[in-house]
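Written below as structure tokens is the structure these notes are about.
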Amino acid sequence: MSLIVVGSVAYDGLETPHGSVDRILGGAATYIGLAASYFTDVRLVGIVGDDFAAEDRELLAGHGIDLEGRLFGRYERP
């Protein structure tokens with residue numbers, strides 16, 4: 001049996017008193033999938049932009065996460 005995770009896969013910007021990062025992998029589906037991958041097979045469904053980095057795909061795939069359900073799109077800010 002596998003777990004299907006549907007949700008956000010995104011890049012976040014973080015700022016703390018100790019420093020800031022402009023682009024870091026984030027999104028609920030990303031971290032649910034990574035955590036669940038230690039216990040079961042994971043299939044991830046989420047929308048990602050065409051700027052989704054190869055190293056981030058490799059991170060998820062390296063945890064055995066099935067990425068065939070990802071959808072590519074472009075977010076346009078209003």
Side-chain angles (χ1 to χ4, degrees):
M1 184 164 78
S2 62
L3 175 69
I4 297 175
V5 178
V6 180
S8 63
V9 178
Y11 289 114
D12 295 328
L14 300 174
E15 187 172 330
T16 73
H18 302 287
S20 64
V21 176
D22 291 330
R23 181 179 155 130
I24 189 168
L25 185 60
T30 302
Y31 290 103
I32 291 168
L34 286 169
S37 72
Y38 288 97
F39 304 100
T40 190
D41 294 330
V42 175
R43 296 172 185 251
L44 190 141
V45 178
I47 297 174
V48 297
D50 55 6
D51 63 341
F52 195 65
E55 64 259 16
D56 295 328
R57 273 190 288 254
E58 292 168 7
L59 170 70
L60 297 172
H63 280 262
I65 297 173
D66 181 346
L67 301 174
E68 292 302 312
R70 73 191 183 284
L71 305 173
F72 285 93
R74 182 171 278 301
Y75 175 76
E76 299 291 331
R77 291 181 185 247

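All values below come from the heavy atoms of this structure, side chains included, with hydrogens, waters and symmetry mates left out.
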Any chain of hydrophobic side-chain contacts (each under 4.5 Å) joining [X] to [Y]?
X	Y	result
Val9	Val21	no
Ile24	Val48	no
Leu67	Tyr31	yes

Taking atom [atom1] of [X] and atom [atom2] of [Y], what is their separation to the nearest 0.5 Å?
X	Y	atom1	atom2	answer
Glu55	Leu60	CD	CG	11.0 Å
Leu59	Ile65	CG	CD1	7.5 Å
Phe52	Leu25	CZ	CG	5.5 Å

Determine the minimum heavy-atom distance between [X] and [Y], stating which atoms define it.
X	Y	result
Thr40	Met1	OG1-O, 3.2 Å
Asp12	Gly26	OD2-CA, 3.4 Å
Gly7	Ala29	C-CB, 3.6 Å

Quiz prompt | Short N-O contact, Arg23 and Asp56, less than 4.0 angstrom | solution =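 So Arg23 does not pair with Asp56 through a salt bridge.
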Quiz item: Does a side-chain heavy-atom distance below 4.5 Å link Ile4 with Val45?
Solution: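 Yes. Closest side-chain heavy atoms under 4.5 Å.
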